Asks: 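Have a look at this one.
When a residue number appears, it is its place in the shown sequence, counting from 1. Note that the coordinates shown come from a computational prediction; the quantities given were computed from them, not determined experimentally.
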Amino acid sequence: MDNYVITIARGFGSGGKEIATKLGERLGIPMYERQLLVLASDKSGIDESLFVETDEKLRSNKLAKLLKRIPTENVVEPHEKAFISDTNLFNIQAQIIKELAKTQSCIIVGKCADYVLKDFDNVISIYIEAPRAACVKSIMSKMYISEEKAHQLIKKTDKYRADYYKFYTGGNYWTNPVNYDMTLNSDRVGRDKCVDVIVDYIRTKFGDKFTV
């Protein structure tokens, strides 16, 4: 392959999306997050709102079944009843992620991309986190909300992300460092320097194979 992919998982408020955006600008490659939902909708003909509904969260009636269902890799045809099931929507999105990894250099934020691309040798997976206090401060500043509300959003959003990851990976843990090439504390390192570290690691891992 002549391309590389960076996947970025992130705690809410850690600056992961900001880091991904700056990294994309530095490398001159696209960053996909919400855009994947649009691509999945275009590919499948399923309304984008259904992808939004299942993106990084699970419907409440499925929470009790997290460990009882391991999703199939197969994507059913449009005429089948399961076509708009949550698992099928995820699998459509996963197919698009794999196609991107085969055809272009890019950054993918969230979407269990590290797991989806675990067998690809042109992928670097990064997890971005920060102490709760730093995340709260960031969210309060960007969203103009109270400290109490920021804490609530962090708890809720990170739980959704953890449950989503656990469900679609068959029980794996979203914050497990073994899932990633590296974990960065954006508060200690600094968001701009996180970009520097990732770029240096791309050079270290791929050498002259890819141009950075």
Side-chain angles (χ1 to χ4, degrees), residues 3 5-12 14 16-17 20 30-104 106-129 153 155-181:
N3 63 298
V5 177
I6 312 299
T7 76
I8 294 185
R10 73 284 185 222
F12 188 59
S14 67
K17 184 176 179 180
M31 186 273 285
Y32 294 101
E33 187 199 31
R34 175 71 179 241
Q35 298 94 325
L36 283 173
L37 307 182
V38 177
L39 290 172
S41 177
D42 289 344
K43 178 181 176 66
S44 66
I46 299 174
D47 190 270
E48 184 185 340
S49 64
L50 289 173
F51 287 97
V52 173
E53 182 179 354
T54 59
D55 180 37
E56 297 193 345
K57 58 184 175 181
L58 299 170
R59 293 171 183 154
S60 59
N61 64 345
K62 292 185 177 178
L63 292 176
K65 301 177 182 178
L66 283 174
L67 298 180
K68 294 181 181 179
R69 291 180 54 190
I70 298 178
T72 176
E73 293 260 333
N74 297 324
V75 175
V76 301
E77 294 301 316
H79 64 273
E80 297 186 44
K81 290 182 179 180
F83 186 62
I84 58 172
S85 71
D86 288 357
T87 297
N88 200 57
L89 297 179
F90 174 83
N91 287 337
I92 292 167
Q93 188 170 267
Q95 279 192 342
I96 291 172
I97 289 172
K98 290 178 180 178
E99 188 62 26
L100 288 171
K102 293 175 183 177
T103 59
Q104 65 173 263
C106 61
I107 299 162
I108 301 175
V109 178
K111 314 299 183 287
C112 297
D114 64 285
Y115 177 79
V116 171
L117 300 178
K118 65 183 185 300
D119 296 324
F120 284 66
D121 61 9
N122 64 331
V123 174
I124 288 174
S125 294
I126 309 292
Y127 180 72
I128 306 292
E129 193 51 281
L153 281 175
K155 182 178 180 180
K156 180 179 180 180
T157 304
D158 283 352
K159 183 179 186 303
Y160 278 154
R161 291 175 178 175
D163 287 346
Y164 178 93
Y165 192 93
K166 191 173 185 179
F167 180 74
Y168 286 114
T169 63
N172 202 344
Y173 291 94
W174 169 54
T175 57
N176 183 355
V178 177
N179 299 338
Y180 308 100
D181 289 68

Asks: Take Asn122 and Asn3, measure what side-chain contact (heavy atoms from CB on, under 4.5 Å) needs, and give me the verdict at the end.
Replies: CA-CA 7 Å; Asn122 64 331; Asn3 63 298; 3.5 Å; yes

Asks: Evaluate the side-chain proximity of Asn179 to Tyr115: yes if any heavy-atom separation is below 4.5 Å, no if none is.
Replies: no

Asks: Let me see the working for Tyr127 and Arg10 under side-chain contact (heavy atoms from CB on, under 4.5 Å), right down to the final yes or no.
Replies: CA-CA 6 Å; Tyr127 180 72; Arg10 73 284 185 222; 5.8 Å; no

Asks: What's the spacing between Ile6 CD1 and Ile108 CD1 if we round to 0.5 Å?
Replies: 10.0 Å

Asks: Spell out, as yes or no, whether a donor-acceptor pair under 3.5 Å connects the side chain of Asp181 to the backbone of Ser125.
Replies: yes

Asks: Ignoring hydrogens and geometry beyond distance, is a side-chain donor-acceptor pair present between Asn176 and Tyr165 at under 3.5 Å?
Replies: no

Asks: Any chance you could lay out the side-chain contact (heavy atoms from CB on, under 4.5 Å) test for Met31 and Val109, step after step, and finish with the verdict?
Replies: CA-CA 7 Å; Met31 186 273 285; Val109 178; 3.6 Å; yes

Asks: How many angstroms lie between OG1 in Thr175 and CG in Asn172, if you round to the nearest 0.5 Å?
Replies: 9.5 Å

Asks: Find the distance between OH (Tyr180) and CD1 (Ile128) and round it off to the nearest 0.5 Å.
Replies: 10.5 Å

Asks: Anything under 30° is parallel, anything over 60° is perpendicular, the rest tilted; go ahead and classify Tyr164 against Phe90.
Replies: perpendicular

Asks: Heavy-atom distance under 4.5 Å between the side chains of Leu117 and Lys98, does that happen here?
Replies: yes

Asks: Would you tell me whether Tyr32 and Gln104 have side-chain atoms, one donor and one acceptor, within less than 3.5 Å of each other?
Replies: yes

Asks: Side chain of Asp158, backbone of Gly11: donor and acceptor closer than 3.5 Å?
Replies: no

Asks: Looking at Lys159, Arg161, Lys166, which one forms a side chain to side chain donor-acceptor pair (under 3.5 Å) with Asp163?
Replies: Lys159

